[in-house]
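Structure, as structure tokens:
Just so you know, residue 1 is the first one in the sequence shown, and it goes up from there.
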Amino acid sequence: MKRIFNGLFYILKFLLLVGSFGLTLFILIRMNVRLDKDMISILSQLIPFLLLFVVFIINMIFKQIGVTKNLFYNLTCCLVFAIIIFVGYRAIFDTNMVLNQKYGYGIDFNYFDNFIAYIRIMLYGLLIANILFMFREKDKNVDKSKELKKA
């Protein structure tokens with residue numbers, strides 16, 4: 001059962017990463033168009049997504065078992081990306097927000113802007129956890145069970 005949930009969360013992690021990145025990019029572009037800013041200013045918000053994507057690709061290529069087989073990490077990634085998607089959709093579709101109705105942009109930029117710092121904290125936390133799981137020691141119980149299977 002643990003392997004089934006781990007596989008489900010592992011695949012869902014990539015889908016939610018793409019969804020949260022796309023939604024965040026959409027809102028940030030619309031925010032910069034409204035403020036007449038350069039698109040270069042949104043790079044600082046997108047760097048954690050790109051770094052996390054690169055680390056996920058490295059985990060896939062080098063088959064980092066400490067990360068890919070970690071149910072807790074995969075579940076945490078799914079929760080973080082789901083929270084980012086929830087905040088983005090709420091900023092867009094919640095018509096009960098005062099500033100959404102007042103300014104008529106269709107997106108409550110102030111609501112999303114309040115969460116940008118928390119989004120970056122969560123993404124950098126995932127990145128640090130991923131790096132720590134990549135370099136952790138192997139479990140001795142797993143090594144013993146593999147030796148017993150070979151014998």
Side-chain angles (χ1 to χ4, degrees), residues 1-35 37-94 97 99-100 107-150:
M1 193 68 156
K2 180 180 173 183
R3 288 179 24 201
I4 293 171
F5 280 130
N6 190 32
L8 176 73
F9 289 132
Y10 182 72
I11 293 169
L12 190 62
K13 171 174 71 170
F14 291 105
L15 296 174
L16 290 174
L17 172 66
V18 171
S20 63
F21 175 75
L23 191 61
T24 303
L25 181 66
F26 172 74
I27 293 172
L28 289 174
I29 288 174
R30 294 271 313 261
M31 188 183 306
N32 282 348
V33 167
R34 179 181 71 96
L35 297 174
K37 287 177 132 182
D38 292 334
M39 291 302 160
I40 295 172
S41 64
I42 66 172
L43 286 178
S44 65
Q45 283 86 15
L46 298 179
I47 286 175
F49 283 106
L50 298 176
L51 289 175
L52 206 54
F53 183 71
V54 167
V55 172
F56 285 170
I57 297 299
I58 290 171
N59 291 335
M60 286 176 47
I61 292 173
F62 294 113
K63 296 179 181 169
Q64 298 286 331
I65 304 243
V67 180
T68 58
K69 300 290 183 187
N70 193 335
L71 178 65
F72 179 70
Y73 179 74
N74 290 331
L75 176 64
T76 305
C77 287
C78 290
L79 289 174
V80 166
F81 296 139
I83 288 169
I84 294 170
I85 291 172
F86 177 75
V87 167
Y89 276 126
R90 185 155 184 225
I92 294 172
F93 294 115
D94 193 358
M97 290 195 184
L99 295 177
N100 194 356
I107 299 175
D108 190 357
F109 296 116
N110 290 328
Y111 175 76
F112 189 78
D113 189 43
N114 290 337
F115 280 98
I116 287 177
Y118 300 113
I119 289 171
R120 291 175 70 187
I121 289 170
M122 289 187 291
L123 291 176
Y124 280 124
L126 286 178
L127 183 66
I128 291 169
N130 194 329
I131 292 171
L132 290 176
F133 282 134
M134 283 171 63
F135 298 114
R136 76 176 191 154
E137 292 183 25
K138 291 184 179 181
D139 292 334
K140 293 180 182 179
N141 296 335
V142 174
D143 292 337
K144 289 179 183 178
S145 65
K146 287 182 182 178
E147 290 175 9
L148 291 175
K149 287 181 182 179
K150 289 180 183 179

side-chain contact (heavy atoms from CB on, under 4.5 Å) between V87 and Y111, worked out: CA-CA 8 Å; V87 167; Y111 175 76; 4.0 Å; yes
Yes or no on side-chain contact (heavy atoms from CB on, under 4.5 Å) for F49 and I84, after CA distance, side-chain angles and deciding distance? CA-CA 11 Å; F49 283 106; I84 294 170; 4.2 Å; yes
Please determine whether side-chain hydrogen bond (donor to acceptor under 3.5 Å, both in side chains) holds for the pair N74 and N6, giving the CA-CA distance in whole Å, both sets of side-chain angles, and the decisive distance to 0.1 Å. CA-CA 7 Å; N74 290 331; N6 190 32; 2.6 Å; yes
Steps toward side-chain contact (heavy atoms from CB on, under 4.5 Å) verdict (I116, L28): CA-CA 10 Å; I116 287 177; L28 289 174; 3.8 Å; yes
Working note: F115 + T24, criterion side-chain contact (heavy atoms from CB on, under 4.5 Å); need CA distance, chi angles, decisive distance, verdict. CA-CA 11 Å; F115 280 98; T24 303; over 6 Å; no
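Across C78 and L16, no two heavy atoms sit closer than the pair O-CD1, 3.5 Å. Across all non-hydrogen atoms, the minimal contact from Y73 to K13 is CE2-NZ, 4.2 Å. Nearest heavy atom pair, residue F9 against residue L75, reads CZ-CD1, 3.5 Å. For the pair T76 and L126, the tightest heavy-atom approach, listed with the atom from each and the gap, is CG2-CD2, 4.0 Å.
Taking CZ of F81 as the reference point, atom CG of L15 lies at 11.0 Å (rounded to 0.5 Å). Taken from NZ in K2 to NZ in K69, the straight-line distance is 10.5 Å, to the nearest 0.5 Å. Rounding to the nearest 0.5 Å gives a distance of 9.5 Å between CE of M122 and OG of S20. Rounding to the nearest 0.5 angstrom, the gap separating the CD1 atom in I47 from the CG atom in L127 is 11.5 Å. Note that CG of L25 and CE of M39 are 9.0 Å apart. Values are rounded to the nearest 0.5 Å. The distance from the CD1 atom of I42 to the CD1 atom of I29 is 5.0 Å, given to the nearest 0.5 Å.
Around the CG atom of L35, the shell of radius 6.0 Å holds more than 12 heavy atoms that belong to other residues, nucleotides or ligands. Other residues, nucleotides and ligands place more than 12 heavy atoms under 6.0 Å from the OH atom of Y124.
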Please tabulate, for side-chain N and O atoms in residues 53-67, each donor-acceptor pair with protein atoms closer than 3.5 Å (sequence neighbours left out).
from: N59; atom 1: ND2; to: V55; atom 2: O; distance (Å): 3.3
from: N59; atom 1: ND2; to: N130; atom 2: OD1; distance (Å): 2.9

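The shortest side-chain heavy-atom distance between N32 and S41 falls under the 4.5 Å cut-off. In this structure the side chain of L23 reaches within 4.5 angstrom of the side chain of I92, judged on heavy atoms.
When each of L46, L123, I85 is tested with F21 by the rule side-chain contact (heavy atoms from CB on, under 4.5 Å), just one qualifies, namely L46.
Distance alone, capped at 3.5 Å, is enough to place a donor-acceptor pair between the N70 side chain and the F72 backbone.
In this structure, Y10 and F14 have perpendicular ring planes: the angle between them is above 60°, well past the 30° mark.
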